[in-house]
Amino acid sequence: TIINTDSSDDDDYVKGDATVQLSVTFSEAVITPTITIGSDVSNASMTVSASTNSTTWYYDWAVPTGVDGTYVATVSTTDLIGNAYSGTDSVTLTVDNTDPEISSVSINDDNDTIKLTFTEPTFIADATSNSYTTTDTTYYLSVNQSGGTATITVDQIRYDSTTDERVYYLDITVNGTSDGSEQISIAPCSASRFKDRVGNFAATSQTSNTITLNNTPPKFVSTTVNSANTSITIEFSEEVKADAGFYTSLTKEDFVLNIT
């Protein structure tokens with residue numbers, strides 16, 4: 001009977017070139033066990049741990065590179081009189097050799113928050129907590145803009161792994177009035193800023209990392225009433241017209257006046 005199975009990795013997520021020690025403790029002394037680890041290791045002999053009377057054995061697994069997937073480690077052996085171990089105990093490890101990537105970027109209707117989503121749980125490399133906010137935005141992200149009439153300033157980056165380990169929020173300020181053709185591209189500014197749980201870093205070159213600002217409707221900037229209370233002056237945030245096709249001037253019929 002197996003009393004305990006264990007691996008030297010804390011969460012059993014591993015990457016290539018790492019060495020993970022897998023160990024097993026039996027209820028009695030056994031003949032040298034063999035271990036199988038998915039398709040990577042088949043019936044390899046384990047090594048006995050010193051001073052355990054042949055009850056505890058280990059195997060140092062060199063994690064394969066260039067592949068991702070789940071690897072299940074199982075053992076087989078017999079006791080000293082030939083009774084075979086017939087249990088089903090195992091250790092499951094997940095191999096991840098793929099860099100995290102930006103899978104999508106979106107912006108809210110108000111043009112003040114960008115949502116950045118990665119393909120897997122991804123963490124700021126030097127963050128010291130699960131919830132992180134920084135105004136040092138250019139240290140972590142490269143934001144490039146083209147087209148349109150407005151520009152943006154990234155005010156801060158927010159992250160909370162207790163909500164979603166894949167998502168970052170960028171609080172932004174739009175400078176000027178957007179016409180909807182401003183293209184924003186976002187990527188890590190260095191290949192050492194964002195990493196997944198096993199230490200693969202997000203590259204500076206990304207493909208699903210571009211959005212456009214929403215077209216901002218004109219708004220009232222100010223309204224004033226003359227001293228005689230006979231006219232109202234309205235200032236818009238941009239040039240406006242009554243009809244998109246004919247550029248006609250506004251008339252009083254284009255407004256609704258409510259008095260309360």
Side-chain angles (χ1 to χ4, degrees), residues 1-103 117-127 130 161-162 164-167 188 191-208:
T1 303
I2 287 180
I3 297 175
N4 183 58
T5 58
D6 196 16
S7 83
S8 59
D9 189 80
D10 291 336
D11 61 4
D12 292 338
Y13 281 84
V14 295
K15 65 179 294 187
D17 289 332
T19 298
V20 178
Q21 186 171 98
L22 302 171
S23 62
V24 57
T25 300
F26 294 90
S27 60
E28 60 180 309
V30 296
I31 303 297
T32 302
T34 60
I35 186 170
T36 296
I37 308 173
S39 59
D40 189 58
V41 175
S42 179
N43 294 318
S45 295
M46 302 184 74
T47 301
V48 67
S49 295
S51 304
T52 64
N53 295 320
S54 297
T55 59
T56 299
W57 301 75
Y58 67 89
Y59 180 81
D60 290 329
W61 180 42
V63 181
T65 60
V67 294
D68 290 347
T70 299
Y71 288 74
V72 178
T74 59
V75 297
S76 60
T77 189
T78 64
D79 64 16
L80 299 184
I81 61 173
N83 296 310
Y85 163 68
S86 59
T88 58
D89 299 80
S90 64
V91 174
T92 300
L93 301 106
T94 300
V95 176
D96 179 5
N97 288 306
T98 300
D99 296 340
E101 296 180 345
I102 295 172
S103 61
T117 304
F118 284 88
T119 51
E120 60 177 307
T122 302
F123 312 93
I124 289 179
D126 59 355
N130 292 329
S161 65
T162 62
D164 194 325
E165 295 178 318
R166 302 175 303 122
V167 173
S192 62
R193 298 294 186 261
F194 296 87
K195 65 180 181 179
D196 64 16
R197 69 179 72 202
V198 299
N200 298 307
F201 283 92
T204 56
S205 177
Q206 299 286 326
T207 55
S208 301

Worksheet item: For the residue pair I3 and S27, what are the closest heavy atoms and their distance?
Response: CD1-CA, 3.6 Å
Worksheet item: Are the side chains of W57 and I35 in touch, meaning some heavy atoms are under 4.5 Å apart?
Response: no
Worksheet item: Y59 and side-chain contact (heavy atoms from CB on, under 4.5 Å): which partner among I37, V75, V24?
Response: I37
Response to the item:
Taken in chain and number order and not counting sequence neighbours, the residues that satisfy side chain to side chain contact (heavy atoms under 4.5 Å, CB included) with E101 are T119, Q206
For residues 39-46, which side-chain N or O atoms pair as donor and acceptor with protein atoms under 3.5 Å away, sequence neighbours left out?
unit_1: D40; atom_1: OD2; unit_2: W61; atom_2: NE1; d: 2.7
unit_1: N43; atom_1: OD1; unit_2: T36; atom_2: OG1; d: 3.4

Worksheet item: Can you list the steps and then say if T70 with T94 is a side chain to side chain contact (heavy atoms under 4.5 Å, CB included)?
Response: CA-CA 4 Å; T70 299; T94 300; 4.2 Å; yes
Fill in: Listed partners of T34 passing side chain to side chain donor-acceptor pair (under 3.5 Å), at least two apart
S76
Fill in: Counterpart residues, side chain to side chain contact (heavy atoms under 4.5 Å, CB included), relative to R166 (two or more places apart)
T117, P121, D164
Worksheet entry | Considering all heavy atoms, the nearest S208-S103 contact | CB-O, 3.4 Å
Fill in: Under the side chain to side chain donor-acceptor pair (under 3.5 Å) test, residues paired with T98 that sit two or more places apart
D68
Worksheet item: Residues in side chain to side chain donor-acceptor pair (under 3.5 Å) with Y58, at least two apart?
Response: none
Fill in: E165: side chain to side chain donor-acceptor pair (under 3.5 Å) partners, not counting sequence neighbours
none
Response to the item:
So CG of L22 and OG of S90: to nearest 0.5 Å the spacing works out to 11.0 Å
Worksheet item: Atom CD1 in I124, atom CZ in R193: separation rounded to 0.5 Å?
Response: 10.5 Å
Worksheet item: side-chain hydrogen bond (donor to acceptor under 3.5 Å, both in side chains): which pairs involve residues 3-16, sequence neighbours left out?
Response: S7-D12, K15-N200
Fill in: Smallest separation among heavy atoms of P188 and A202, with atom names
CG-CB, 4.0 Å
Worksheet entry | Inter- and intrachain pairs under side-chain hydrogen bond (donor to acceptor under 3.5 Å, both in side chains), touching residues 47-56, at least two apart | T25-T56
Fill in: Atom of Y71, atom of G38 and distance for their closest heavy-atom approach
CD2-CA, 4.1 Å
Discussion item. If I compare all heavy atoms of P33 with all of F26, which pair ends up nearest, and what's the gap?
Written reply: CG-CE1, 4.0 Å
Worksheet item: What residues, two or more places apart in sequence or in another chain, satisfy side chain to side chain contact (heavy atoms under 4.5 Å, CB included) together with A62?
Response: none
Worksheet entry | Step-by-step side chain to side chain contact (heavy atoms under 4.5 Å, CB included) determination, T78 to Y85 | CA-CA 6 Å; T78 64; Y85 163 68; over 6 Å; no
Worksheet item: What distance do D196 atom CG and D99 atom CG have between them, rounded to the nearest 0.5 Å?
Response: 7.5 Å
Worksheet item: Any donor-acceptor pair under 3.5 Å linking the side chain of D96 with the backbone of R197?
Response: no
